[in-house]
A.B. asks: 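Handing you a structure now.
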Amino acid sequence: MTFPLPAPASLPPRPAALTRRAVRGSGALLCACLAVSLTGCSWWMPFNPPHKPVEVTSLFAIDRYDQNVDRWIAPSSPGYDRPVLPEAVQRAHFDALFARYFGTAARDSSPWNQAFINTAVYRQAGTDIAALQRRRLSRYDNRLQSTRHLGYGQNLRPHSAEWIDAITANLDVAQFERSPRYEPKRRAIAIDNALVRGLPTADPSFSDSRIAGEGYPFDNLQISAIRPGTPVYIVGTSVDGAWRYVQTPDVQGWIASSTIGVVDDAFVSRWRTTARQSLGAIIGASVPVRDASGAFRFAAPAGTMLPIAGHDAQGYDVLVPVIDADGRAQIRTARLAADGVIVPMPWQVTPHHIATLLKALIGRPYGWGNTGFYNDCSSELQSVFAPFGIWLPRHSSNQMTAGTKIDISADTPAERIAYLAHHGEPLRSIVYIGGHVMLYLGNTTLDGQAIPVVYQDIWGMRPAENTRRAIVGGSVIMPLTLEVPEDPSLRSLAATPIFQIMTLETEPSPGLMPESGDDPAS
């Protein structure tokens, strides 16, 4: 697929030097999805000053780039409504996604699956879960850190000993080894959007905000988020009862107790059966959902999956979970419009349908680990591909396992760009550059050469000396060039130490394990 060169106002002419040389060295033009952080303020504290006073943030001139999705995925193109994946491959992906959420077979990674909980979640009788909690508590205990690695609160002051001690007492690490076995009463479902946290606290923990690449928005305790209707298994509970440690289809982490309801056999049976008959996916950025009585239940982000109980020409009746006074989940129905709100899964993977998702999401703010219930780079691609029945892992590096991977990290930046332009598959090739992923859309032409165009959710870019960030702060479309015309001091995304291309073209491997590492977000 070839895309037109954007208008001059969208992408200014590249300096002559850009056609003569490639970016040298292996430094990365780092996106905000890397596990380092950056703040919008520029504080200076005498006990840990930077080498010299610098302005660590500025705004990147993204308005110079055409963000009209139709310009890059043209409705007039011959293949606009042609599938980009074989039907059998897409069906296999959908079956794998369904198994991950609702499956009952031995290798199905569903939080409601007894076999999965006993053999995978409790594979080490809870000792590994307890060890993870201890590592996290140690990491955020400033008494154990060097000055360079202190954690700071939203007030830009280091966390106190009392802060981490209170979290430690409320966590009760020993609970994870007391009952390491599946119990049906621990099954639950998200009744609202829920942030997944590294520890049972809503307090953020930032690194030093005066250093480029650290601070806001990178709350180190923020892991991910789950959407309404997501099955979970309750692994543990905080002492005060305000937090639950859960296994989701993607990750493990702490969520607010008020965001889930416990389910019983009758609930699970109806939810699974209806979902198997017809499962729907939200394709709007944030769709308000009201039940049949008119009560607002939640705002459903793109990629939210809800069982469809019935439909007509005007819309769909979907199941929604609500919670009663005793914390038990109940099923209600909600009416959603048929036009541009929800689609039956798996939605056919065509350029037209992918463009629909991109139009809904493009320009939305960046949210590290789903901060503010916005997406970061990897969760953006999860939102794009979920309606098609394609599950992608939560972590950017693990998304490379979803298809056929080619590692061209040893190539020069110019060779990487040329390879992607000539061998990438538009709309199903994902580029990983170390902590960041981008969706390859196709090519434009610049100076007579094919230049790849990518869609990405990115915080910012950096120069070689890593002294500042040029903030993009959201989901955008950009060409992948050797230099950045607006600011040649910035490093190209094609010049990172890691450069891998994953293409969705084969059936997924069964039984993929969900992520539960120290820092799953990215």
A.B. asks: Roughly how far, to the nearest 0.5 Å, is NE2 of H436 from CG of D457?
C.D. replies: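 Reported value, rounded in 0.5 Å steps: 8.0 Å.
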A.B. asks: Taking H422 for its side chain and A418 for its backbone only, find out whether a donor-acceptor pair lies under 3.5 Å.
C.D. replies: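 At least one qualifying donor-acceptor pair exists.
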A.B. asks: Rounded to the nearest 0.5 Å, what separates atom CZ in R416 from atom CD in Q500?
C.D. replies: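 So the gap between those two atoms works out to 10.0 Å.
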A.B. asks: What pair of heavy atoms forms the shortest contact from A337 to I342, and how long is it?
C.D. replies: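 Minimum heavy-atom separation between A337 and I342: O-CG2, 3.8 Å.
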A.B. asks: So does E87 have more than 12 non-hydrogen atoms from other groups sitting under 6.0 Å from CD?
C.D. replies: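 No.
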A.B. asks: With a 4.5 Å cut-off on side-chain heavy atoms, are Y101 and L279 touching?
C.D. replies: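 Result no, sub-4.5 Å side-chain heavy-atom pair not found.
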A.B. asks: I'd like to check L427 versus I73 (side-chain heavy atoms, cut-off strictly below 4.5 Å). Are they in contact?
C.D. replies: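 The answer is yes, as the side chains (C-beta and beyond) meet within the 4.5 Å cut-off.
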A.B. asks: Measure the spacing between CG of L195 and CH2 of W254 and express it to the nearest 0.5 Å.
C.D. replies: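 Going from CG on L195 over to CH2 on W254, the span is 15.5 Å.
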A.B. asks: Scan side-chain atoms only and decide if D407 and S409 contain a donor-acceptor pair under the 3.5 Å cut-off.
C.D. replies: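 Per modelled atom types, D407 and S409 side chains form a pair under 3.5 Å.
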A.B. asks: Are D219 and R197 close enough for a salt bridge, meaning some N to O gap below 4.0 Å?
C.D. replies: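 A salt bridge is present here (some side-chain N lies under 4.0 Å from a carboxylate O).
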A.B. asks: Should D264 and R270 be marked as a salt bridge (Lys or Arg N to Asp or Glu O under 4.0 Å) after you check the CA-CA gap, both sets of side-chain angles, and the distance that decides it?
C.D. replies: CA-CA 10 Å; D264 57 20; R270 183 182 175 192; over 6 Å; no
A.B. asks: For L85 and F388: C-alpha separation, side-chain torsions, deciding distance, then whether side chain to side chain contact (heavy atoms under 4.5 Å, CB included) applies.
C.D. replies: CA-CA 10 Å; L85 267 184; F388 307 111; over 6 Å; no
A.B. asks: So, do F385 and L504 sit near enough that their side-chain heavy atoms are less than 4.5 Å apart?
C.D. replies: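 Counting from C-beta outward, F385 and L504 do come under 4.5 Å.
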A.B. asks: For the atom pair CD1 (I433) and CD (Q456), what is the distance rounded to the nearest 0.5 Å?
C.D. replies: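 With rounding to 0.5 Å, CD1 (I433) is 7.0 Å from CD (Q456).
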A.B. asks: State whether the number of non-hydrogen atoms from other residues, nucleotides or ligands found under 6.0 Å of Y233 atom OH is greater than 12.
C.D. replies: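 It does: Y233 OH has more than 12 such atoms within range.
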A.B. asks: How close do T506 and H93 get, counting heavy atoms only, and between which atoms?
C.D. replies: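 It is O-NE2, 3.0 Å.
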A.B. asks: Main chain of A105, side chain of D108: is a donor-acceptor contact present, judged purely on distance under 3.5 Å?
C.D. replies: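 Yes, D108 side chain to A105 backbone: donor-acceptor pair under 3.5 Å.
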A.B. asks: Out of curiosity, M478 CE to I62 CD1, how far, rounded to the nearest 0.5 Å?
C.D. replies: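 It comes to 4.5 Å.
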A.B. asks: Please evaluate residues H352 and T350 with respect to the criterion side-chain hydrogen bond (donor to acceptor under 3.5 Å, both in side chains), reporting the C-alpha separation (whole Å), side-chain torsions for both, the decisive distance (0.1 Å), and the verdict.
C.D. replies: CA-CA 5 Å; H352 186 177; T350 65; 5.5 Å; no
A.B. asks: Any chance you could lay out the side chain to side chain contact (heavy atoms under 4.5 Å, CB included) test for I260 and I234, step after step, and finish with the verdict?
C.D. replies: CA-CA 10 Å; I260 60 173; I234 300 171; 4.0 Å; yes
A.B. asks: Would you call R272 and D265 a salt bridge, using N to O less than 4.0 angstrom?
C.D. replies: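 No, no charged N to carboxylate O under 4.0 Å.
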A.B. asks: Between the side chains of R227 and S383, is a donor N or O closer than 3.5 angstrom to an acceptor N or O?
C.D. replies: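 Result is yes, a qualifying pair exists.
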A.B. asks: Can you name the closest pair of heavy atoms from T503 and S429 and give their distance?
C.D. replies: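 Where T503 meets S429 most closely, the heavy atoms are OG1-OG, 2.8 Å.
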A.B. asks: Atom CG of residue position D312 - does it have more than 12 heavy atoms of other residues, nucleotides or ligands inside 6.0 Å?
C.D. replies: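 Above 12, so yes.
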A.B. asks: For L490 and M461, which heavy atoms make the closest approach, and how far apart are they?
C.D. replies: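 The pair with the smallest heavy-atom distance is CD2-O, 4.0 Å.
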A.B. asks: Is there a side-chain contact between S378 and H395, using heavy atoms and a 4.5 Å cut-off?
C.D. replies: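 No, every pair of side-chain atoms sits at 4.5 Å or beyond.
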A.B. asks: Does the side-chain hydrogen bond (donor to acceptor under 3.5 Å, both in side chains) test come out yes or no for D291 and S293, once each step is laid out?
C.D. replies: CA-CA 5 Å; D291 66 19; S293 68; 2.6 Å; yes
A.B. asks: Taking all non-hydrogen atoms of both residues, which atom of T230 and which atom of P249 are closest, and how far apart?
C.D. replies: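 Heavy atoms only, the tightest pair is CG2-CD, 3.5 Å.
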A.B. asks: Indicate yes or no: at least one non-hydrogen side-chain atom of P479 is less than 4.5 angstrom from one of L446.
C.D. replies: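 No, too far: nothing below the 4.5 Å cut-off.
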A.B. asks: Decide yes or no on side-chain hydrogen bond (donor to acceptor under 3.5 Å, both in side chains) for N370 and N375, but give the supporting numbers first.
C.D. replies: CA-CA 5 Å; N370 297 113; N375 287 334; 3.2 Å; yes
A.B. asks: A450 and A421: which non-hydrogen atoms are nearest, and at how many Å?
C.D. replies: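 Looks like O-CB, 3.8 Å.
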A.B. asks: Backbone N or O of A266 within a donor-acceptor pair of the S269 side chain at under 3.5 Å?
C.D. replies: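 Looks like no, no N/O pair under 3.5 Å.
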A.B. asks: Check the angle between the aromatic planes of Y65 and F60 and answer parallel, tilted or perpendicular using the 30° and 60° thresholds.
C.D. replies: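 Parallel: the ring planes of Y65 and F60 meet at under 30°.
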A.B. asks: Are side-chain N/O atoms of D250 and T248 paired as donor and acceptor at under 3.5 Å?
C.D. replies: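 No - no donor-acceptor pair under 3.5 Å links their side chains.
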A.B. asks: Can you find a heavy atom in the side chain of L319 that is under 4.5 Å from one in the side chain of T333?
C.D. replies: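 Yes. Closest side-chain heavy atoms under 4.5 Å.
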A.B. asks: Assess the residue pair W112 and W271 against the criterion (side chain to side chain contact (heavy atoms under 4.5 Å, CB included)); give the C-alpha distance rounded to whole Å, side-chain angles, the decisive distance to 0.1 Å, and a yes or no.
C.D. replies: CA-CA 11 Å; W112 288 350; W271 197 271; 4.1 Å; yes
A.B. asks: Looking at side-chain heavy atoms only, is the closest gap between I255 and V196 below 4.5 Å?
C.D. replies: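 Sidechains of V196 and I255: in contact.
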A.B. asks: Let me see the working for K359 and D70 under salt bridge (Lys or Arg N to Asp or Glu O under 4.0 Å), right down to the final yes or no.
C.D. replies: CA-CA 9 Å; K359 289 176 184 178; D70 285 342; 2.8 Å; yes
A.B. asks: What is the distance from atom CG of L361 to atom CD1 of I283, rounded to the nearest 0.5 Å?
C.D. replies: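 Spacing of CG (L361) from CD1 (I283) equals 10.5 Å.
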A.B. asks: Any side-chain heavy atom of S396 sitting closer than 4.5 Å to one from Y432?
C.D. replies: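 Yes, side chains in contact.
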A.B. asks: Hey, is the main chain of A299 close enough, under 3.5 Å, to the side chain of N193 for a donor-acceptor pair?
C.D. replies: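 Yes; at least one donor-acceptor contact below 3.5 Å.
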A.B. asks: Just say parallel, tilted or perpendicular for the rings of F98 and F102, cut-offs at 30° and 60°.
C.D. replies: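 Tilted, since the angle between the ring planes falls between 30° and 60°.
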A.B. asks: Closer than 3.5 angstrom, by distance alone: can the side chain of Q382 be matched with the main-chain N or O of L392 as a donor-acceptor pair?
C.D. replies: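 Yes; at least one donor-acceptor contact below 3.5 Å.
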A.B. asks: Does the pair I408 and E415 meet the rule for a side chain to side chain contact (heavy atoms under 4.5 Å, CB included), with working shown?
C.D. replies: CA-CA 9 Å; I408 56 174; E415 291 170 336; over 6 Å; no
